[in-house]
Amino acid sequence: MSVERVYLIDWLRVICKGSKVLIYLLVLAWLIWFIRTSQVRARKRTAVVLLFIGLPLTLAGISLDLLGEFFRFSTLLKRIVSELVLSNTGTFLVLYSMVLMVMELARASCRYQREAESDPLTGLYNRRAFFASAERALKEAREGKRSPVLAILDLDNMKKINDTWGHQYGDEALKQVAQAIQKSVREGDVTARYGGDEFVILFPGRGPRLETLRARLEKHLQAIRFSGAEIPLSLSVGLARFPADGKDVDALLAVADARMYADKDAKKGCQRASI
């Protein structure tokens, strides 16, 4: 191999190593700027610290290796210190920090998705998430896999609660009722706040009988207390089953809503009769 060929290969190696040094310097400069100008959360801070340690170590190892192209360093310094200790340790820390950042991004993505699907007051699913789940359940039902049931529940005397104890108690009542509803269903059933003081439940499989659902709800509602004051809470309930009561979400909700109001009217009739 000619001397010119060896000289060309050496300079190509120098350019490659020099470009690595430049890249790491730019990343390190950006990292310093990022730390100084942003608020970093605890989990992200660990990843940033590891990155801040790993980048200089890797940079030192590459720089020492680059200087070895111009000066005659010992094998101990060039191979062990430069490549094995500095470069490899720094690379490990950089990669580990990247793993932590990816894990944090995954957690954040799940958290944001849950927040986008949740009602901020009760923590149940919101209306949009409920409709998405219901459409999926009906699609599977049309394929013969399931027979879903929809339920609409309305908190009785919500106006009286707000007028008597105030809207803070009204909000607390909605939270407690949401917990009671959640305790009354099985894992896999979808509970959501439909709007105002109305809630909906999707039973993707075979739903319970109306009497069974009412008994479960009454059991958990009776245990609710507010600051020592007993507030009577009850729910009017209406069920609709696929496909007997409707073949799409809107039709099922309309039937369930009508039955819920019939249940509410029946309660009012009983109250008037007892007066």
[atom1]-[atom2] distance between [X] and [Y], expressed to the nearest 0.5 angstrom:
X: Ile201; Y: Leu239; atom1: CD1; atom2: CG; result: 8.0 Å
X: Leu67; Y: Ile62; atom1: CG; atom2: CD1; result: 12.0 Å
X: Ser63; Y: Leu86; atom1: OG; atom2: CG; result: 9.5 Å
X: Leu22; Y: Ile15; atom1: CG; atom2: CD1; result: 13.0 Å
X: Gln179; Y: Gln176; atom1: CD; atom2: CD; result: 5.0 Å

Taking C-beta and beyond as the side chain, do [X] and [Y] meet within less than 4.5 Å on heavy atoms?
X: Pro208; Y: Arg216; value: yes
X: Thr58; Y: Lys20; value: no
X: Pro204; Y: Asp189; value: yes

With sequence neighbours left out, what residues match Ser234 under side chain to side chain donor-acceptor pair (under 3.5 Å)? Asp156
Which residues pass the side chain to side chain donor-acceptor pair (under 3.5 Å) test with Ser19, not counting sequence neighbours? none
Check step by step if side chain to side chain contact (heavy atoms under 4.5 Å, CB included) holds for Glu198 and Asp257. CA-CA 10 Å; Glu198 284 191 338; Asp257 194 54; 3.8 Å; yes
Would you sort out whether Glu211 and Arg214 count as a salt bridge (charged side-chain N to carboxylate O under 4.0 Å, His left out), showing the intermediate values? CA-CA 5 Å; Glu211 294 76 11; Arg214 280 178 176 164; 5.5 Å; no
Which pairs with one or both residues in residues 234-251 pass salt bridge (charged side-chain N to carboxylate O under 4.0 Å, His left out), sequence neighbours excluded? Asp245-Arg259
Donor-acceptor pairs under 3.5 angstrom involving side-chain atoms of residues 88-99: please list them, not counting sequence neighbours.
{"from": "Thr89", "atom 1": "OG1", "to": "Val85", "atom 2": "O", "distance (Å)": "2.5"}
{"from": "Thr91", "atom 1": "OG1", "to": "Ser87", "atom 2": "O", "distance (Å)": "2.7"}
{"from": "Ser97", "atom 1": "OG", "to": "Leu93", "atom 2": "O", "distance (Å)": "3.4"}
{"from": "Ser97", "atom 1": "OG", "to": "Val94", "atom 2": "O", "distance (Å)": "2.6"}

Sequence neighbours excluded, the answer for side chain to side chain contact (heavy atoms under 4.5 Å, CB included) partners of Asp119 is Leu121, Thr122, Arg193
With ILVMFWY side chains joined below 4.5 Å, transitively, what does Leu138's cluster contain besides itself? Tyr125, Phe130, Phe131, Leu150, Ile152, Val190, Tyr194, Val200, Leu202, Phe242, Val249, Leu252, Leu253, Met260, Tyr261
